[in-house]
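One structure below.
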Amino acid sequence: MSGKVHSAAGGDSFVVESGGQMLIESGGRLVAEAGSLVEIMPRWKTFPLTTHAISPLEAGVLVKTTNSNPVSITVPPGIALAAPVTVHQLGAGQVTFVEGSGVNIRTPETLKIAKQGAAVTLSATDIADEYVLAGYLERTA
């Protein structure tokens with residue numbers, strides 16, 4: 001390790017200096033001593049295209065769509081999201097969620113975000129390939 005993140009105290013801990021950052025991957029743990037300040041930065045990514053497939057790496061991420069054309073977001077089978085994914089439609093292109101083969105998305109409304117500026121959250125259930133989509137969705141007719 002080098003730079004702004006380095007080991008300390010005989011290798012039992014790490015020091016993250018100002019401006020440094022450390023990535024803790026899935027399954028990792030962060031333990032802080034009493035009085036420590038731990039700032040968790042939000043994870044987000046901007047998505048400018050018209051088609052996208054949700055990935056397990058997007059668990060806990062805020063996805064912002066920016067296209068002016070309709071956007072399709074596919075939920076493929078077998079991704080097992082560890083945390084919800086929030087999708088915020090910033091562009092004029094209406095976002096529609098598409099169920100991959102064998103995937104079931106439960107919602108009381110449609111699989112479409114209602115309008116520009118609205119957001120929804122996709123969460124996994126305890127059943128394989130079943131999700132709940134909640135938020136500002138277009139109403140059923």
Side-chain angles (χ1 to χ4, degrees), residues 1-9 11-141:
M1 245 178 264
S2 62
K4 300 192 179 238
V5 179
H6 52 88
S7 63
D12 290 342
S13 63
F14 296 98
V15 174
V16 182
E17 297 176 11
S18 177
Q21 58 184 346
M22 181 172 27
L23 172 66
I24 300 171
E25 294 184 353
S26 180
R29 286 183 27 185
L30 175 65
V31 178
E33 294 178 1
S36 295
L37 174 63
V38 177
E39 180 179 1
I40 307 297
M41 301 300 290
R43 293 180 47 203
W44 60 273
K45 76 179 205 179
T46 300
F47 179 72
L49 304 175
T50 58
T51 61
H52 179 65
I54 296 287
S55 153
L57 299 176
E58 292 170 324
V61 172
L62 169 61
V63 176
K64 300 175 183 180
T65 66
T66 58
N67 206 297
S68 59
N69 295 311
V71 176
S72 293
I73 298 181
T74 300
V75 181
I79 60 170
L81 290 175
V85 175
T86 298
V87 178
H88 192 170
Q89 181 185 316
L90 295 179
Q94 186 176 34
V95 175
T96 300
F97 287 82
V98 178
E99 298 169 317
S101 178
V103 171
N104 183 21
I105 301 175
R106 296 186 179 276
T107 177
E109 303 295 346
T110 68
L111 295 177
K112 296 180 178 186
I113 295 181
K115 60 183 177 179
Q116 188 172 6
V120 298
T121 300
L122 179 74
S123 303
T125 69
D126 59 351
I127 299 170
D129 291 332
E130 181 179 88
Y131 298 88
V132 173
L133 185 63
Y136 196 175
L137 294 162
E138 183 175 88
R139 293 184 179 264
T140 54

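Only heavy atoms go into these numbers, but all of them, side chains included; no hydrogens, no water, no symmetry mates.
A donor-acceptor pair shorter than 3.5 Å can be found between the side chains of Thr121 and Thr86.
To the nearest 0.5 Å, atoms CD1 (Ile105) and OG1 (Thr125) are separated by 11.5 Å. A distance of 10.5 Å separates OG1 of Thr96 from CG of Leu137, quoted to the nearest 0.5 Å. Expressed to the nearest 0.5 Å, how far CD of Gln94 lies from CD1 of Ile113 amounts to 8.5 Å.
Proximity of Glu99 to Val75: side-chain heavy atoms (C-beta onward) are nowhere separated by under 4.5 Å. Counting heavy atoms from C-beta on, the side chains of Ile54 and Ile73 come closer than 4.5 Å. Considering only heavy atoms from C-beta on, Ile79 comes within 4.5 Å of Tyr131 through its side chain. Using a 4.5 Å cut-off on side-chain heavy atoms (C-beta onward), Thr65 and His52 make no contact. Side-chain contact between Val87 and Leu122: absent, with no pair of heavy atoms (C-beta onward) separated by less than 4.5 Å.
At least one donor-acceptor pair under 3.5 Å links the side chain of Gln116 to the backbone N or O of Leu90. The closest donor-acceptor contact from the side chain of Asp129 to the backbone of Gly78 lies under 3.5 Å. When atom types are taken as modelled, the side chain of Glu138 and the backbone of Lys115 share no donor-acceptor pair closer than 3.5 angstrom.
Residue pairs meeting the salt bridge (charged side-chain N to carboxylate O under 4.0 Å, His left out) criterion with at least one partner in residues 101-112, sequence neighbours excluded, are Arg106-Glu130, Glu109-Arg139. Applying the ring-ring contact (aromatic ring centres under 6.0 Å, His included) test to residues at least two apart or on different chains, none of the pairs has a partner in residues 70-118.
A pairwise comparison of heavy atoms in Ala82 and Ala59 identifies N-CB, 3.9 Å as the closest pair. Smallest separation of non-hydrogen atoms from Thr107 and Thr110: CG2-O, 3.6 Å. Here the closest heavy-atom approach between residue Ala124 and residue Leu81 is recorded as CB-O, 3.7 Å.
With sequence neighbours excluded, the residues satisfying side-chain contact (heavy atoms from CB on, under 4.5 Å) with Ser55 are Leu57, Glu58.
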